[in-house]
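In what follows, a single structure is set out as structure tokens and then discussed.
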Amino acid sequence: MENNDLVNNAERKVKNYFDRVDEIKEYNQEKVLKAFSRNKIGLEHFASVSGYGHDDMGRQALDSVFADVFKAEKAIVRNHFVSGTHTLSCCLFGNLRYGEKLVSVAGRPYDTMEEVIGLRGNRRASLIGHGVSYDEVPLLNESDIDFEGIKNKIDKSVNMVLIQRSRGYSLRKSINIETIKKIVELVKSKNPECICFVDNCYGEFTEKLEPLEAGADLIAGSLIKNPGGGIVEAGGYIAGKTEYVNQAAYRLTAPGIGSEGGAMLNQLRLIFQGLFMAPSVVSEAVKGAILAAQVFEDMGFISTPKPSEPRTDIIQTIKFGEEKPQLEFCRTLQMFSPVESYLTPVPDGVPGYDDKLIMAGGTFIEGSTIELSADGPVRPPYAVYMQGGLNYAHVKIALKGIVNKLLK
């Protein structure tokens with residue numbers, strides 16, 4: 001079968017799943033629009049200030065809009081966060097103290113969080129180096145949440161639980177809002193004072209509800225992923241209960257300053273507009289992921305989630321089992337990128353990771369994973385994590401090229 005026929009046939013199989021994605025998009029678009037309206041966003045909120053950034057009404061309005069969208073008491077949205085890992089780190093260091101305890105309830109966290117916690121790397125700089133103890137609840141069959149394990153692990157000594165919504169560089173299932181709600185209810189039944197913190201990266205606007213609406217206390221994510229709509233140049237957000245957001249903000253800036261300072265350096269309009277575009281852009285990426293799932297299933301690869309499964313993030317995983325096809329996949333995707341299509345990705349070290357990574361992403365924003373990209377650690381099971389796509393047509397075109405290469 002020609003590659004065009006294979007992709008077109010796959011598209012016919014999944015078209016009926018797109019209605020669900022469009023329904024979620026429209027729901028979230030209306031939610032964002034109402035947040036803009038309620039907060040009376042005007043042209044004056046796009047103006048920038050300099051220096052300390054005191055009394056920046058645009059920054060204050062931006063925080064209020066994000067809080068409204070994510071149903072939070074408070075939010076802090078800043079271009080000063082250098083990555084999702086930095087944003088998460090501020091939440092952890094801001095809210096945990098010497099002698100307190102963190103438990104990851106969804107198995108081992110994402111690779112870059114291992115150094116933040118102190119599982120490897122510079123121990124002195126980590127949470128463990130600052131006297132915070134750590135434990136985790138392994139997954140059942142390396143895939144499913146172990147609710148009985150959580151029940152046995154959580155007690156009055158646990159100050160915070162970390163719930164990583166997306167799968168990271170693992171083959172486990174991503175955690176949907178319904179499951180997050182069950183985890184939070186279980187944790188709170190064992191210790192009502194425990195902070196339930198959700199790493200929301202890759203998950204925003206893939207469902208109608210967000211983790212705070214499922215009972216979580218604190219969430220964080222990156223603006224060069226879903227909520228930036230593909231146009232935000234840098235930054236992250238934190239949202240949740242006022243006390244916990246304030247503590248994280250003190251870690252980003254300094255005690256006494258918190259969210260009250262920080263010049264936004266002419267980024268306000270981009271962040272406002274990126275958030276407004278996000279529900280639509282995320283829906284395009286989700287449709288592309290569903291099509292990819294069907295294409296790789298038809299080709300006989302092990303790919304998750306399945307085409308029919310409801311989505312809670314934008315990631316599609318393809319397990320190759322060998323290094324060569326993993327590298328070929330990424331190199332071919334690079335060829336179908338709008339930027340630097342002429343480059344050849346090679347495995348290399350990346351700050352925060354223990355293994356070499358292969359990364360494909362000719363993106364307008366460096367490292368943007370709401371744009372079509374693929375990456376993975378060069379280690380067994382040699383899986384590729386494909387995500388993003390500013391428009392569905394680009395994903396479809398790239399898939400045709402990838403199929404042609406893989407069939408050869």
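Residue pairs meeting the salt bridge (charged side-chain N to carboxylate O under 4.0 Å, His left out) criterion with at least one member in residues 227-253, sequence neighbours excluded, are Asp217-Lys241. Pairs engaging residues 368-389 under the salt bridge (charged side-chain N to carboxylate O under 4.0 Å, His left out) rule: Asp111-Arg379, Asp355-Arg379 [sequence neighbours left out]. Counting only residues at least two apart or in different chains, salt bridge (charged side-chain N to carboxylate O under 4.0 Å, His left out) contacts with residues 195-211 comprise Glu23-Lys208, Arg165-Glu207, Arg165-Glu210. Residue pairs meeting the ring-ring contact (aromatic ring centres under 6.0 Å, His included) criterion with at least one member in residues 135-178, sequence neighbours excluded: Tyr110-Tyr169, Tyr169-Tyr353, Tyr169-Tyr385.
Residues forming a ring pair (Phe, Tyr, Trp, His ring centres under 6.0 Å) with Phe205 (at least two apart in sequence, or on another chain): Phe70. Scanning for side chain to side chain donor-acceptor pair (under 3.5 Å) contacts around Asp135 gives Lys153, with sequence neighbours left out. Take Lys181 and apply the salt bridge (Lys or Arg N to Asp or Glu O under 4.0 Å) test, not counting sequence neighbours, and it matches Glu185. Among residues two or more places apart in sequence or in another chain, the side chain to side chain donor-acceptor pair (under 3.5 Å) test is passed with Glu148 by none. For Lys156, the salt bridge (Lys or Arg N to Asp or Glu O under 4.0 Å) criterion is met by no residue, not counting sequence neighbours.
Side chain to side chain, Arg108 and Ser170 fail the donor-acceptor criterion of an N or O pair below 3.5 Å. One side chain, Glu136 or Tyr134, offers a donor N or O that lies under 3.5 Å from an acceptor on the other. For the 3.5 Å distance criterion, the side chains of Lys74 and Ser259 qualify, holding a donor opposite an acceptor.
Panel note: side chain Asp313, backbone Ser166; no donor-acceptor pair is recorded below 3.5 Å. Distance alone, capped at 3.5 Å, places no donor-acceptor pair between the Ser368 side chain and the Phe364 backbone. Proximity of a side-chain donor or acceptor of Glu260 to a complementary backbone N or O of Ile257 within less than 3.5 Å is not detected. With hydrogens and angles disregarded, a donor-acceptor distance shorter than 3.5 Å links the side chain of Arg59 to the backbone of Gly53. Using modelled atom types, one side-chain atom of Lys188 and one backbone atom of Cys194 make a donor-acceptor pair closer than 3.5 Å. Panel note: side chain Ser64, backbone Gln60; a donor-acceptor pair is recorded below 3.5 Å. Not one N or O on the side chain of Ser37 forms a donor-acceptor pair closer than 3.5 Å with the backbone of Lys34.
Ionic pairing of Arg78 and Asp63 is present here: one or more N-O contacts between side-chain nitrogen and carboxylate oxygen are shorter than 4.0 angstrom. Ion pair Glu213/Lys71 not flagged as a salt bridge, since none of the NZ, NE, NH1 or NH2 atoms sits closer than 4.0 Å to an Asp/Glu carboxylate oxygen.
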Mind listing the side-chain donor-acceptor pairs of residues 270-297 below 3.5 Å, one per line with the distance, residues two or more places apart or on another chain?
from, atom 1, to, atom 2, distance (Å)
Gln273, OE1, Arg269, NH1, 2.4
Ser283, OG, Ser280, O, 2.7
Glu284, OE1, Tyr392, N, 2.8
Lys287, NZ, Asp22, OD1, 2.8
Gln294, NE2, Asp298, OD1, 2.9

Using residues 336-349 as the side-chain source, report each donor-acceptor pair under 3.5 Å to any protein atom, sequence neighbours left out, with the distance given to one decimal.
from, atom 1, to, atom 2, distance (Å)
Ser337, OG, Leu333, O, 3.2
Ser337, OG, Gln334, O, 3.3
Ser337, OG, Gly362, N, 3.3

Without placing hydrogens or testing angles, list every side-chain donor-acceptor pair under 3.5 Å for residues 321-328, not counting sequence neighbours.
from, atom 1, to, atom 2, distance (Å)
Gln326, NE2, Pro377, O, 3.1
Gln326, NE2, Ala383, O, 3.0

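In Lys101, the NZ atom is crowded: over 12 heavy atoms of neighbouring residues, nucleotides or ligands sit closer than 6.0 Å.
The structure places OG1 of Thr312 at 8.5 Å from CD1 of Ile175, a figure rounded to the nearest 0.5 Å.
The aromatic rings of Phe93 and His130 lie perpendicular to each other, with more than 60° between the two planes, well past the 30° mark.
Aromatic pair Tyr237/Phe66: ring centres closer than 6.0 Å.
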